[in-house]
Protein chains: 2
Amino acid sequence: MTLPTFFSKNKVILAYGISLAVLLFLLKWLELRFIIFDHAFEIYIGAIAIIFTALGIWLTLKLTKPKVKTIIVEKEIYINSNDAFCLNEKEVAKLGVSKRELEVLQLMAQGFSNGEIAERLFVSLHTIKTHTSNLFEKMDVKRRTQAVEKAKRLSLIA
Amino acid sequence: MTLPTFFSKNKVILAYGISLAVLLFLLKWLELRFIIFDHAFEIYIGAIAIIFTALGIWLTLKLTKPKVKTIIVEKEIYINSNDAFCLNEKEVAKLGVSKRELEVLQLMAQGFSNGEIAERLFVSLHTIKTHTSNLFEKMDVKRRTQAVEKAKRLSLIA
DNA sequence: TCAAAAATCACTCTAAAGTATGAGGGCATT
DNA sequence: AATGCCCTCATACTTTAGAGTGATTTTTGA
């Protein structure tokens, strides 16, 4: 270890040593000036005790890593597994179902009639009928209820 | 605050005070015995400084309360939906859905048409229509797709 | 840029779904 | 014996769903 790195690494200790020397000097000086006191010595000792106790406390607070008591509380959260819905893109691609058709399928599964779906998607009833017809063909089903059942089974919808 | 509780609450501080007194006494005694030293005073001061610094450090280490850091770990518990299906009898009773109606509902959810359901249950199409109508009334829905959606939501069917 | 795919709308018809009402038989409770 | 509920069947009617065909406009990917 080089000398500069030694200094930088022990900065606090050096500072402590220097401050100790300064304090001793200061006390010596005080001793000479206020020797008049009756119980000067006891007061002197007491002052030193207090100062160095404080120094010890300060040092410890500065140098020790803050004590952290970590309490880990496990909180159980129940999650319905169908929350973690993951669209089965393979199946979608395999069946050739388009985005719009998937939208229609979703609304269908929620129990909406073709008319309601048309309103919601801002298109005509005819369009929805076309979509549903195409869907049934692609999904190889005959009714919307079947389509919904199959779609849920294949994770095409939640 | 009563006297005993005061003592118990400030145990450490009292101990500190007493130890301070003892130390002072000890040092006084040492002073009388080893006055012969040339630099006795400086050593004396140094000793006090070291002792009380150590005391401060020890005190701090003992007295500082650890910061309590509470970490709440959210443990996700997935409820597998294909677990054993449990019919929601409360809801069935509440809605006043009969056994037969539940049967019809089940087949409806599987995508069967009224005609197919009639075949499967060996009754006429009229009967199934009556059942479905009553079901829709009881369940407060307008279409079979809605009925199926609601039935699944309320665990009336798997 | 050009062709394929997707999205849109329209019309006709048939099939199924849903509404309303009534009625008869079985079964359990009161 | 009377009442209420469930299951059954029926008729008549309305609404919605679905099949079939065709066409226009966007979008998109090669």
Side-chain angles (χ1 to χ4, degrees), chain A residues 87-154 156-157, chain B residues 87-154 156-157:
Chain A
L87 184 125
N88 189 342
E89 293 181 39
K90 278 186 191 175
E91 208 61 45
V92 171
K94 187 175 154 192
L95 298 176
V97 176
S98 71
K99 274 189 215 167
R100 200 56 160 173
E101 285 164 352
L102 217 55
E103 275 186 276
V104 173
L105 192 56
Q106 229 142 5
L107 292 169
M108 214 154 70
Q110 286 164 43
F112 293 111
S113 71
N114 287 338
E116 288 168 337
I117 295 172
E119 268 187 38
R120 232 153 280 248
L121 297 183
F122 306 105
V123 293
S124 79
L125 175 59
H126 302 294
T127 306
I128 300 302
K129 282 196 171 192
T130 307
H131 283 319
T132 54
S133 277
N134 293 336
L135 256 174
F136 298 159
E137 175 116 6
K138 287 176 181 177
M139 294 180 70
D140 191 30
V141 295
K142 289 205 173 291
R143 277 173 292 282
R144 53 175 48 226
T145 46
Q146 274 184 356
V148 169
E149 192 273 334
K150 192 163 186 175
K152 291 208 173 184
R153 200 151 33 78
L154 299 180
L156 265 50
I157 55 174
Chain B
L87 184 126
N88 189 345
E89 292 182 39
K90 277 187 190 174
E91 208 61 45
V92 172
K94 187 175 157 195
L95 298 177
V97 176
S98 70
K99 272 188 217 170
R100 200 60 159 172
E101 284 163 352
L102 216 55
E103 275 186 275
V104 173
L105 191 56
Q106 228 140 9
L107 293 169
M108 214 154 70
Q110 286 165 44
F112 292 112
S113 70
N114 286 338
E116 288 168 336
I117 295 172
E119 267 186 39
R120 231 152 281 247
L121 299 182
F122 305 106
V123 293
S124 81
L125 174 61
H126 302 294
T127 305
I128 299 303
K129 282 196 170 191
T130 307
H131 283 319
T132 55
S133 276
N134 292 335
L135 257 174
F136 298 159
E137 176 115 7
K138 287 176 181 176
M139 295 179 71
D140 190 30
V141 295
K142 290 206 173 290
R143 277 172 292 284
R144 55 176 48 225
T145 46
Q146 273 185 357
V148 169
E149 193 273 333
K150 193 164 186 175
K152 291 207 173 186
R153 199 150 36 78
L154 300 179
L156 265 51
I157 53 174

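Labels below follow one simple rule: chain letters A, B, ... track the order of the sequence lines, proteins then strands, and each chain is numbered from 1. Keep in mind the model is a prediction, meaning the values are calculated, not measured.
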Ion pair present between B:Arg153 and B:Glu149, side-chain N to carboxylate O less than 4.0 angstrom?
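Counted as a salt bridge, because a side-chain N and a carboxylate O are separated by less than 4.0 Å.
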**Request:** Taking only Lys NZ, Arg NE, NH1 and NH2, and the carboxylate oxygens of Asp or Glu, determine whether B:Glu116 and A:Arg143 approach each other closer than 4.0 Å.
**Result:**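 A salt bridge links B:Glu116 with A:Arg143.
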Round to the nearest Å and state the distance from [X] atom [atom1] to [N] atom [atom2].
| X | N | atom1 | atom2 | result |
| --- | --- | --- | --- | --- |
| A:Glu116 | D:dA17 | CD | C1' | 13 Å |
| B:Leu125 | D:dT8 | CG | P | 13 Å |
| A:Lys142 | C:dA17 | NZ | C1' | 17 Å |
| A:Leu121 | C:dT8 | CG | P | 8 Å |
| A:Glu137 | D:dT21 | CD | P | 11 Å |
| A:Glu119 | C:dC9 | CD | P | 14 Å |
| B:Glu103 | D:dC6 | CD | P | 15 Å |
| A:Met108 | D:dT16 | CE | P | 17 Å |

State whether the distance check finds a donor on one side and an acceptor on the other, under 3.5 Å, for side chain A:Lys129 versus base D:dA19.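 No, no donor-acceptor pair under 3.5 Å.
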inquiry  = When you measure only distances, ignoring hydrogens and angles, does the side chain of B:Thr130 come within 3.5 Å of the base of D:dC7 through a donor and an acceptor?
reply    =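 By the distance-only test, no, there is no pair.
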With rounding to the nearest 0.5 angstrom, report the [atom1] to [atom2] distance, [X] to [Y].
| X | Y | atom1 | atom2 | answer |
| --- | --- | --- | --- | --- |
| A:Thr127 | A:Ile117 | OG1 | CD1 | 12.0 Å |
| B:Gln106 | B:Arg120 | CD | CZ | 13.0 Å |
| B:Leu135 | B:Asp140 | CG | CG | 12.5 Å |
| A:Thr132 | A:Asn114 | OG1 | CG | 5.0 Å |

Of the listed nucleotides [options], the one nearest the side chain of [X]:
| X | options | value |
| --- | --- | --- |
| B:Phe136 | D:dC6, D:dC7, C:dG18 | C:dG18 |
| B:Thr127 | C:dA10, D:dA17, D:dT8 | D:dT8 |
| A:His126 | C:dG18, C:dC11, D:dG18 | C:dC11 |
| A:Ser113 | D:dT16, D:dC7, C:dG18 | D:dT16 |
| A:Ser124 | C:dA7, D:dC7, C:dA10 | C:dA10 |
| B:Val123 | D:dT8, C:dA16, C:dT8 | D:dT8 |

So, is [X] near the phosphate of [N], with a side-chain N or O under 4.0 Å from OP1 or OP2?
| X | N | result |
| --- | --- | --- |
| A:His131 | C:dA7 | no |
| A:Arg143 | C:dA16 | no |
| A:Ser98 | C:dA7 | yes |
| B:Asn114 | C:dA16 | no |

query = Starting at the 5' end of DNA chain C, which residue's closest nucleotide do you reach first, A:Glu101 or B:Phe112?
reply =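 It is A:Glu101, whose closest nucleotide lies nearer the 5' terminus.
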